[in-house]
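Structure record follows, encoded as structure tokens.
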Amino acid sequence: MSTQDVTRAPVAKTAVDTFVKTTGSWVATQLEACTRCGICAQACHFYEATGNPEFAPVWKVELLRRAYEQRFTPPGKLKVALGLDKPVTDRDIQHWSTIVYEACTLCNKCAMVCPMGIQLGPLIHEVREAMAASQVVPADLVTAIRKQEELGSPLGVTEEMWEERIEWIADEWEVDIPIDVQGAETLVVFTSIEVMKFPENVVAIARILNAAGEKWTISTPGREVVNFGVFEGNPERTKLFMARLFDAARSLGVRRLVVTECGHAYDLLRWTAHNMTDVPVEITHIVAVIDDLLNKGRIKLQAGKYDSLGPIAFHDACKIQRRGGHIQEPRNILRILAPNSFREISPNREESICCGGGGGVIAIQEADPLRYKVFELKMRQMAAAGTKTITMTCANCRLQFTDGIKHFGLDVQVRGLAAMVADALIEE
Ligand code: SF4
Ligand code: SF4
């Protein structure tokens, strides 16, 4: 394909070059298929919460479309030559950086409603890739990325801090947490959010796996499941952070890797990784493991344990339930734990809307006002179901719910599903 320089400045040039580099037949087909009908706007929680037309999914890929048309299509080239279409400028790149990092959680709900089947989430991720190449990434994300690269965790948890923390958790809750066990069957990888902010989740998963007699381990070099390379849109860093996990799995000789509570990590490792590298082990999510252990009778729960808590609702995480497919397992578990008080919020299952904190949004302080605005949608859903407890299988969602509920002063408890399971175990 012949190309034409449609840029005026270095930042824009790098971004447009990246758009062009990543525009293979798949991207081109997606862009060509768009009829500009605007139906996708209604599906986006950022658009729904604010009415801002710039938050319509189709507008978020506008620069990618413009670069594609102007570089590769005769009408696009003609429009530029006649001055009828604007080249992509530095200012555009700066502006779209805010839109695609702060007003998109990469949840891909918009793709569900597009009559042309366009995968907008992955396309918006392509836009982030161009922003990353141009180094126009929000400062808070850059800080977290550097920490993950240099210290091993976006929260800055070094190996030493992690070891101390795991030792403290094991002592404090008197639970066995196997570390670096050669020949274990299952490698469990937590997020540093769980290790540092929700240690009871680490305890819960350890208690469940120990009760089932699972041969499992955690890994010192493969200790962080979160991948900020995905949030940034940087394929090299994405692969680097993934390699830490797969190398650990290989050296321990495990059969499978269990992702605990991180939606984007699960999406990456379960699906996208296969297009980027060799995946040496089976990948699964902890909610599927728990459901399987229950089905096989390897763990038993106190039926109705939480019925006295009042209405309990479940939040479907975009990457674990909608994209990951683990929709039924949490419901199977909740029908044991709270058969009379479990309520569905609406919309739910694959149609659930994002919590508003995914895709790295919760890590960007400038995005806080918008993030709270979007959370109001979840508040309305919880209120309609009379929710007193909300549970979920993603620590990032849990962070968003915990923060949102505190911010708005709601009378709703947030609990991780694994912790509810662990507290209901019948231990013989
Ligand atoms: S719904 Fe699909 S076809 Fe319509 S504007 Fe959005 S991306 Fe384009
Ligand atoms: S991926 Fe999610 S947040 Fe991003 S535009 Fe689509 S619906 Fe909105």
Side-chain angles (χ1 to χ4, degrees), residues 166 169 173 175-179 181 184-219 222-227 245 248-249 252 254-271 273 281-296 298-301 314-334 336-337 358 391-399 401 414-425:
I166 294 291
I169 292 171
W173 277 273
V175 62
D176 188 23
I177 305 178
I179 305 177
V181 178
E185 281 190 14
T186 299
L187 169 62
V188 175
V189 193
F190 292 98
T191 65
S192 45
I193 300 175
E194 291 164 284
V195 173
M196 301 312 288
K197 296 181 194 285
F198 303 127
E200 73 281 1
N201 212 54
V202 178
V203 175
I205 290 170
R207 284 179 58 203
I208 293 165
L209 296 176
N210 291 343
E214 185 72 18
K215 289 181 185 151
W216 68 287
T217 187
I218 55 175
S219 157
R223 63 185 179 279
E224 174 61 86
V225 83
V226 170
N227 192 317
L245 304 182
L252 290 166
V254 295
R255 181 177 63 80
R256 66 174 176 177
L257 187 158
V258 173
V259 178
T260 56
E261 291 207 355
C262 181
H264 281 81
Y266 186 60
D267 187 19
L268 170 71
L269 297 172
R270 179 73 181 83
W271 309 114
V281 284
E282 177 191 330
I283 307 287
T284 190
H285 188 267
I286 189 65
V287 75
V289 173
I290 295 172
D291 186 54
D292 185 54
L293 294 175
L294 281 167
N295 288 337
K296 289 181 173 152
R298 290 175 61 190
I299 55 171
K300 291 195 172 57
L301 303 181
F314 178 73
H315 162 69
D316 290 279
C318 306
K319 302 293 186 177
I320 298 168
Q321 273 76 44
R322 177 167 50 249
R323 175 122 159 110
H326 299 298
I327 289 174
Q328 196 50 44
E329 295 98 321
R331 290 171 169 83
N332 295 342
I333 295 166
L334 283 164
I336 299 171
L337 296 176
T391 184
M392 58 212 69
T393 58
C394 177
N396 198 65
C397 299
R398 184 134 61 112
L399 211 52
F401 273 88
V414 184
R415 295 201 66 182
L417 188 59
M420 293 180 77
V421 168
D423 289 346
L425 277 173

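Just so it is clear, the values below take in all heavy atoms, side chains as well, and ignore hydrogens, waters and symmetry mates.
For T191 (side chain) and E194 (main-chain N/O), a donor-acceptor pair under 3.5 Å exists by modelled atom type. For T391 (side chain) and R415 (main-chain N/O), a donor-acceptor pair under 3.5 Å exists by modelled atom type.
Proximity of L187 to T217: side-chain heavy atoms (C-beta onward) are separated by under 4.5 Å at one or more points. Residues L209 and V289 meet the side-chain proximity criterion, which asks for heavy atoms closer than 4.5 Å. V287 is listed as a side-chain neighbour of I333, based on a closest heavy-atom distance under 4.5 Å. Residues N201 and E261 are in side-chain contact: their nearest non-hydrogen atoms beyond the backbone lie under 4.5 Å apart. Residues L252 and V181 form no side-chain contact, since every pair of their non-hydrogen atoms from C-beta on lies 4.5 Å or further apart.
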Worked check of side-chain contact (heavy atoms from CB on, under 4.5 Å) between T186 and V254
CA-CA 5 Å; T186 299; V254 295; over 6 Å; no

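Nearest heavy atom pair, residue T260 against residue F190, reads OG1-CA, 3.2 Å. Of all the heavy atoms in A204 and A419, the pair that sits closest is CB-CA, 3.5 Å. A pairwise comparison of heavy atoms in L425 and A211 identifies CD1-CB, 4.1 Å as the closest pair. When all heavy atoms of V421 and I290 are compared, the pair lying nearest together is CG1-CG2, 4.0 Å. Scanning all heavy atoms of the two residues, the minimum distance from W271 to R323 falls at NE1-O, 3.5 Å. I208 and A418 get closest at one heavy-atom pair: CD1-O, 3.5 Å.
Here CD of E200 is found 9.5 Å from CG of D423. Values are rounded to the nearest 0.5 Å. Expressed to the nearest 0.5 Å, how far CG of L257 lies from OH of Y266 amounts to 10.5 Å. Considering CZ of R223 and CD1 of I166, their distance stands at 10.0 Å, rounded to 0.5 Å. Distance CZ/F198 to CZ/R398: 5.0 Å, rounded to 0.5 Å. Atom SG of C394 sits about 9.5 Å away from atom CG of L399, to the nearest 0.5 Å. We find the CG-CG distance between L417 and D291 to be 10.0 Å, quoted to the nearest 0.5 Å.
Between R256 and E214 there is a salt bridge, since at least one side-chain N of the basic residue sits less than 4.0 Å from a carboxylate O of the acidic one. A salt bridge does not link R322 with D267: every distance from a Lys NZ or Arg NE/NH1/NH2 to an Asp or Glu carboxylate oxygen is 4.0 Å or more. In summary, D292 and R298 do not engage in a salt bridge, as defined by a charged side-chain N under 4.0 Å from a carboxylate O.
Among the candidates V189, V281, V259, the single residue satisfying the side chain to side chain contact (heavy atoms under 4.5 Å, CB included) test with L269 is V259. Partner of T393 under the side-chain hydrogen bond (donor to acceptor under 3.5 Å, both in side chains) criterion, out of Q321, H315, H285: Q321 alone.
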